[in-house]
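First up is the structure itself, then whatever we jot down about it.
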Amino acid sequence: MKKKDILLALMYLPTDKKIEMMSPIQIMKALFLFKMELGLSDSEFYKFEPYLYGPCSFEVYSDLASLQSQGLADVELSLFGWKYYHLTNKGRNIAKEVVKKMDKRMLDELHDVKNIVISKNFMELLRYIYTKYPEYAKNSIINAEVLTK
């Protein structure tokens, strides 16, 4: 399955909180957790590296821009200028078909990580990732001690 299809499925899947929009950080961390939990290699999925807020794959940003230019995703800005992505009707229709074809284990894992990510605020999410995968916190601009409180 293509990486971009998994990204579409992630954005499409419902959550316990019924939230349809995701920030880039939520998308990034959900895809990272998905990869790590399934044990996917860099050749099979996005390659993540330690960066300013933990694991980052710049290819995810490229794919989000591509989904936007194809009319599959759109962006809304919050009052603070944060971007939030959501699928367009066209994107939802395509994602619905992708989800139907997904392996059940992959789909369940994607759903689980989305619920985890959506349930946490920014600092809680970083704490969760940094605790579980400390090697991805080494380049963080957030002081690790702050996250342990």
Side-chain angles (χ1 to χ4, degrees), residues 1-137 139-140 147:
M1 178 154 281
K2 295 177 187 171
K3 294 180 267 193
K4 207 181 294 186
D5 287 343
I6 293 170
L7 173 56
L8 272 171
L10 171 70
M11 294 172 71
Y12 173 78
L13 289 172
T15 66
D16 296 340
K17 292 193 172 197
K18 311 276 189 269
I19 296 172
E20 291 195 18
M21 295 192 294
M22 294 180 78
S23 71
I25 217 94
Q26 291 171 321
I27 292 168
M28 187 72 66
K29 301 317 179 218
L31 292 172
F32 171 76
L33 288 171
F34 174 79
K35 175 187 179 175
M36 300 305 279
E37 295 301 314
L38 288 178
L40 301 175
S41 69
D42 288 348
S43 62
E44 294 174 293
F45 202 58
Y46 296 105
K47 179 182 180 186
F48 290 88
E49 60 187 76
Y51 201 57
L52 302 177
Y53 299 106
C56 180
S57 172
F58 292 99
E59 191 179 1
V60 171
Y61 294 124
S62 298
D63 283 353
L64 283 168
S66 174
L67 291 179
Q68 209 178 342
S69 69
Q70 293 170 1
L72 303 179
D74 207 355
V75 174
E76 293 192 28
L77 294 176
S78 74
L79 294 174
F80 305 106
W82 288 85
K83 288 183 182 181
Y84 285 90
Y85 288 89
H86 63 90
L87 294 177
T88 62
N89 287 335
K90 181 180 174 184
R92 274 192 293 284
N93 290 335
I94 291 171
K96 184 190 255 183
E97 295 306 311
V98 167
V99 165
K100 285 180 186 176
K101 296 174 187 172
M102 277 185 85
D103 171 81
K104 181 170 176 14
R105 180 173 171 248
M106 290 179 85
L107 189 58
D108 288 347
E109 188 60 44
L110 196 59
H111 193 253
D112 289 348
V113 298
K114 183 172 183 179
N115 275 316
I116 289 168
V117 166
I118 293 294
S119 72
K120 299 183 182 313
N121 67 36
F122 178 73
M123 294 303 270
E124 290 169 340
L125 181 56
L126 291 187
R127 185 179 306 117
Y128 180 82
I129 299 277
Y130 292 1
T131 301
K132 199 162 182 163
Y133 302 100
E135 66 275 20
Y136 285 89
N139 293 335
S140 178
L147 293 175

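Of the possible donor and acceptor atoms, none in the side chain of K47 sits under 3.5 Å from a partner among the backbone N and O of D42. A donor-acceptor contact shorter than 3.5 Å is absent between the side chain of S140 and the backbone of G54. Looking only at distances, a side-chain donor or acceptor of N139 sits under 3.5 Å from a matching main-chain atom of P50. Between the side chain of K29 and the backbone N or O of P55, at least one donor-acceptor pair lies under 3.5 Å. For Y85 (side chain) and P24 (main-chain N/O), no donor-acceptor pair under 3.5 Å exists by modelled atom type. Proximity of a side-chain donor or acceptor of D16 to a complementary backbone N or O of N115 within less than 3.5 Å is not detected.
Annotation for S69 and S66: closest pair OG-O, 3.0 Å, computed over non-hydrogen atoms. Nearest approach of A9 to V99, heavy atoms of both residues: CB-CG2, 3.9 Å. The shortest heavy-atom contact between G71 and T88 is O-OG1, 2.6 Å. Here the closest non-hydrogen pair linking R92 and E20 is NH1-OE1, 4.1 Å.
Taking CG of L8 as the reference point, atom CG of L13 lies at 10.5 Å (rounded to 0.5 Å). In this structure, CG in D74 is found 10.0 Å from CG in L87, a value given to the nearest 0.5 Å. Taking CZ from F45 and CE from M1, the interatomic distance works out to 11.0 Å, rounded to the nearest 0.5 Å. Between atom CE of residue M11 and atom CE of residue M21 there is a gap of 10.5 Å, rounded to the nearest 0.5 Å. Of the inter-residue distances, the one linking L125 atom CG with Y130 atom OH reads 9.0 Å to the nearest 0.5 angstrom. Rounding to the nearest 0.5 Å places CE of M106 at 10.0 Å from CG of D5.
Side chains of Y51 and M28 form no contact here, defined as non-hydrogen atoms less than 4.5 Å apart. A heavy-atom distance below 4.5 Å is not found between the side chains of K114 and F34. A heavy-atom distance below 4.5 Å is not found between the side chains of V98 and K2. A 4.5 Å side-chain heavy-atom check between L10 and M22 finds at least one atom pair inside the cut-off. Contact check for L107 versus K104: no side-chain heavy atoms found under the 4.5 Å cut-off.
Summarising the local packing, CD of Q70 is surrounded by more than 12 heavy atoms from other residues, nucleotides or ligands at distances under 6.0 Å.
Using the six-membered ring where Trp is involved, Y133 and Y136 have ring planes that are perpendicular, over 60° apart on the 30 and 60° scheme. Ring pair Y46/F48 is perpendicular by interplanar angle, where above 60° counts as perpendicular and below 30° as parallel.
Y128 carries K120 over the face of its six-membered ring, with the cationic atom under 6.0 Å from the centre and within 45° of the normal.
Classification of E124 and R127 as a salt-bridged pair fails, no side-chain N sitting under 4.0 Å from a carboxylate O.
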